[in-house]
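Note that this is a predicted model, so its numbers are computed, not measured.
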Amino acid sequence: MKKELKENTFLKGITDGIPICLGYLSVAFAFGIFTVSNGLTSAEAVLISMTNVTSAGQLAAVPIMLSGGTLFELALSQFIINLRYALMSVSLSQKLDKSVGLIDRFWIAFVNTDEVFAVASSKKEVSKGYMFGLILTPYIGWSAGTALGAVAGNILPAIIISALGVAIYGMFIAIVVPPARENKSVLFCVVIAIVLSCIFKFVPVFSKVQSGFVIIICSIIASTLAAILFPVDTEKEERDEL
């Protein structure tokens, strides 16, 4: 009976992960094309996706690698961009039951993406089997999508590759615009980041700064200013929840 329950839990995780998997296919496909169009091989593109599973981090890492950035620059930029995953993992750990051991937590944290976190957090409690099923299908979708995009990038005409190469940027714009229209603090943060990015791009004195450090500086300044000027009223949020 226990074995059957574990199998059903694992299968339930796989089922819940299928929509995430399908969504990742398209995003990873765009990343695969972006990567090979910028000079990396198909194998390198797939290896990046299989060892990272972070769209924003991977997108930022490719220009750093191609420009000859240092390992410190690469590591620091990834730390800043992916810091939210540490916070999400801490939150998710409160949902894990006693069947989840220490090593299991490392595997789960590796594929604890925004979407996986959202689905798991909606449950009262999640088991080891469920979490492994939930992270398996998205991981396959992310890796397979990158592979398909990388292969397509090597055989499709240049004009199509150029068009598809900007698709991943369109995805991030689609993510940012709706909350920016509804929340002035998000809008402020976005505007500051854009202004700073333009300064580093077009002002000669700052244009020599490596892309990785540009991401780090813009992220820290924009988020810090937004946090100072638009602090979250936690007491109000708690009252609204009640």
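Residues Phe34 and Phe29 fail the side-chain proximity criterion, which asks for heavy atoms closer than 4.5 Å. Using a 4.5 Å cut-off on side-chain heavy atoms (C-beta onward), Leu96 and Tyr130 make no contact. In this structure the side chain of Met131 reaches within 4.5 angstrom of the side chain of Val116, judged on heavy atoms. For the pair Ser127/Val100, no side-chain contact is recorded, criterion being any heavy-atom separation below 4.5 Å from C-beta on. At a threshold of 4.5 Å between non-hydrogen side-chain atoms, the residues Leu92 and Asn112 count as touching. Using a 4.5 Å heavy-atom threshold, the side chains of Lys201 and Ser207 count as separate. Looking at Ile221 and Leu196, their side chains come closer than 4.5 Å, going by heavy atoms from C-beta outward.
There is a path of hydrophobic side-chain contacts, each under 4.5 Å, that joins Phe132 to Leu136.
Contact check on Asp16 versus Lys123 returns a salt bridge, with a Lys/Arg side-chain nitrogen under 4.0 Å from an Asp/Glu carboxylate oxygen. The pair Lys128-Asp97 fails the salt-bridge criterion, with no side-chain N (NZ, NE, NH1 or NH2) lying under 4.0 Å from an Asp/Glu carboxylate O.
Ring to ring, Phe230 and Phe188 are close: their centroids are under 6.0 angstrom apart.
Note that the SG atom of Cys218 and the CD1 atom of Ile80 stand 12.0 Å from one another [nearest 0.5 Å].
Note on ring orientation: taking the six-membered ring where Trp is involved, the planes of Phe206 and Phe200 are perpendicular (angle over 60°, cut-offs 30° and 60°).
Using a 3.5 Å distance cut-off with no hydrogens or angles, the side chains of Ser55 and Tyr24 do not pair a donor with an acceptor.
Residue Leu102 is found in a hydrophobic cluster whose other members, listed by chain and number, are Phe106; membership requires side-chain heavy atoms under 4.5 Å apart, directly or through intermediates.
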Cut-off 3.5 Å, no hydrogens considered: what does the side-chain donor-acceptor table look like for residues 47-54, sequence neighbours left out?
| unit_1 | atom_1 | unit_2 | atom_2 | d |
| --- | --- | --- | --- | --- |
| Ser49 | OG | Gln58 | NE2 | 3.1 |
| Ser49 | OG | Trp142 | NE1 | 3.4 |
| Ser49 | OG | Thr146 | OG1 | 2.6 |
| Thr51 | OG1 | Leu47 | O | 2.7 |
| Thr51 | OG1 | Ile48 | O | 3.4 |
| Asn52 | ND2 | Ile48 | O | 2.7 |
| Thr54 | OG1 | Gly57 | N | 3.2 |
| Thr54 | OG1 | Asn82 | OD1 | 2.8 |

